[in-house]
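Data block below; observations after.
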2 protein chains.
Amino acid sequence: MSSTHSSTKERILSAAERLFAEAGIGNTSLRLITTRARVNLAAVNYHFGSKDGLVEAVYERRLGPVTREWLANIENLEHEYGDRPIPVERIVESFVRPVARLASDENRGGRIFTRLLAQGYTEARQYFDKLFSSQYQHVLDRYRQSLRTALPHLPPGTLCWRLQFLLGALTQGLCGGELLRLMEGQADPNDTERAVDELIPFLVAGLRAEAPRLRESGPSTQGALA
Amino acid sequence: MSSTHSSTKERILSAAERLFAEAGIGNTSLRLITTRARVNLAAVNYHFGSKDGLVEAVYERRLGPVTREWLANIENLEHEYGDRPIPVERIVESFVRPVARLASDENRGGRIFTRLLAQGYTEARQYFDKLFSSQYQHVLDRYRQSLRTALPHLPPGTLCWRLQFLLGALTQGLCGGELLRLMEGQADPNDTERAVDELIPFLVAGLRAEAPRLRESGPSTQGALA
DNA sequence: GTCTATAGAGGGATAGAC
DNA sequence: GTCTATCCCTCTATAGAC
């Protein structure tokens with residue numbers, strides 16, 4: 001199934017990745033993983049220590065390279081533009097690309113892993129929290145700084161929200177989720193190139209939109225009263 | 001219907017909803033649910049038949065009303081505008097509002113349920129597939145038709161992709177996920193009103209963006225060949 | 001490094017008293 | 001409708017032979 005040679009470790013990782021994405025981590029047993037990977041049940045504990053260790057390794061294998069790509073991309077752009085603001089399109093593209101490459105390359109997890117990513121970090125929160133505070137946060141701050149410079153009129157809070165929206169659209173868009181299956185013929189969820197071509201103008205326009213005039217959020221304005 | 005008093009059934013639903021969102025469905029046992037709900041273990045099987053039945057009921061309780069609101073909103077707009085195109089802002093707002101109300105109202109699940117929603121349908125796929133083909137798809141088609149009329153220059157395929165992005169940004173934006181916690185002080189994940197105020201211009205601008213010029217996707221360009 | 005066998009904990013579901 | 005007690009299953013993890 002997977003790429004070329006496949007060591008026991010790699011086979012376990014690939015089988016686990018697919019099963020986690022299909023049924024969730026909690027619903028996937030080590031027995032099923034090792035059966036699919038055609039390795040012995042005890043191999044998981046030998047190579048990864050525990051199921052948690054396996055989960056961590058599944059994420060690490062894919063996200064490590066992406067984070068490094070992000071960092072290299074933003075550094076290249078900073079170097080290329082010096083003190084001038086980097087165009088929003090280039091910032092966005094340099095962020096979207098690495099994730100898209102992941103989604104379009106079976107050897108990097110393909111849409112299987114993207115789906116695992118999009119399904120959120122609930123089941124793997126412990127690992128994500130560790131990952132975030134170590135590398136991810138740092139990279140994201142670089143991107144945020146570049147966007148602040150590119151969009152100086154935008155209030156910082158608004159930019160934060162838009163980054164959140166961007167991430168949602170990106171992950172959901174690249175995992176070819178729920179929606180696209182319903183519109184058969186209109187859009188092909190497997191067409192990652194198309195997804196990127198569609199994503200970038202959508203995100204750039206959203207980032208460039210005029211900031212909202214915010215209403216006063218007094219104590220009584222909320223709709224929370226039943 | 002249900003607000004303060006809590007029947008056994010409601011208490012189970014609320015406890016399950018929270019635990020599912022926090023740890024995933026597969027990682028949450030009936031024993032833990034019933035302990036938290038302060039009801040007897042056997043009550044789940046009595047009221048819902050099985051754990052699967054409970055999962056289904058957890059989603060149904062929240063999504064049913066939202067779907068009905070969506071339908072009412074789009075019908076009101078269609079009636080108000082007759083044959084004239086409905087402004088994109090109004091379409092988007094009428095779609096975002098019901099989900100936002102859900103997120104801001106503890107009695108409707110609040111951000112707990114939104115998070116469960118955003119974490120995807122992997123673990124509850126069977127239920128989602130049933131729900132989608134019954135009600136959801138119909139409502140979404142109405143919205144898509146309205147957007148086609150409002151944005152006649154947009155290729156249908158592009159609109160489909162943008163709807164997918166919209167859903168991603170919406171669900172991730174309203175569950176106050178991963179990202180916002182990292183930027184303390186800059187944005188408050190709990191501020192649902194703010195989220196809506198930020199979401200709408202972002203989404204409207206994205207939908208209104210110029211359609212991308214697509215590159216040729218010849219047979220050899222994709223990496224997805226199996 | 002790979003296997004078998006099993007320990008030990010915890011899961012969903014149900015029978016039957018109240 | 002609620003409770004206790006329990007059946008039977010699957011799970012993770014490990015010990016120990018090869």
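In what follows, chains are A, B, ... by sequence order, proteins preceding strands, each numbered from 1. Every heavy atom of this structure was used, including side-chain atoms; hydrogens, water molecules and symmetry mates were not.
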Problem - A:L116 CG to B:T122 OG1 distance, which is reported to the nearest 0.5 Å - result: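 Between A:L116 CG and B:T122 OG1, I get 8.0 Å after rounding to 0.5 Å.
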Can you confirm whether the side chains of [X] and [Y] place a donor and an acceptor under 3.5 Å from each other?
| X | Y | value |
| --- | --- | --- |
| A:N73 | A:R97 | no |
| A:Q172 | B:T171 | no |
| B:Y143 | B:S94 | yes |

Starting at [atom1] of [X] and ending at [atom2] of [N], how long is that distance when rounded to a whole Å?
| X | N | atom1 | atom2 | answer |
| --- | --- | --- | --- | --- |
| B:L30 | C:dA13 | CG | P | 6 Å |
| B:I12 | D:dG1 | CD1 | C1' | 11 Å |
| A:D52 | D:dC11 | CG | C1' | 14 Å |
| A:K51 | D:dC11 | NZ | P | 9 Å |
| A:R11 | C:dG1 | CZ | P | 14 Å |
| A:Y46 | D:dA17 | OH | P | 17 Å |
| A:L54 | D:dC11 | CG | C1' | 15 Å |
| A:F48 | C:dT2 | CZ | P | 11 Å |

What nucleotide among [options] has an atom nearest to a side-chain atom of [X]?
| X | options | result |
| --- | --- | --- |
| B:N40 | D:dC3, C:dG12, D:dA13 | D:dC3 |
| B:R31 | D:dT2, D:dC11, D:dT6 | D:dT6 |
| A:N45 | C:dT2, C:dA13, D:dT14 | D:dT14 |
| B:S29 | C:dG11, D:dA13, D:dG1 | C:dG11 |

Exercise for the section: Remember a base hit wins even if backbone is also touched, and classify B:A42 as base, sugar-phosphate or nothing at under 4.0 Å, heavy atoms. Expected result: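 Contact class for B:A42: base.
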Practice task
Give A:T28 one of three labels, base, sugar-phosphate or nothing, depending on what nucleic acid heavy atoms sit under 4.0 Å from its own.
Solution key: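 Sugar-phosphate: the residue A:T28, judged by heavy atoms under 4.0 Å, touches backbone atoms but no base.
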Exercise for the section: Give me the ring orientation class for B:F95 and B:W70: parallel if the planes are under 30° apart, tilted from 30 to 60°, perpendicular past 60°. Expected result: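 Parallel: the ring planes of B:F95 and B:W70 meet at under 30°.
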Problem - Residue met sooner reading DNA chain C from 5', once B:N27 and A:H47 are mapped to nucleotides - result: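 By nearest-heavy-atom nucleotide position, the 5'-most residue is A:H47.
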Exercise for the section: Taking only the side-chain nitrogens and oxygens of A:T8, find out if one of them lies under 4.0 Å from OP1 or OP2 of C:dT2. Expected result: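 For A:T8, the contact criterion (side-chain N or O under 4.0 Å from OP1 or OP2 of C:dT2) is met.
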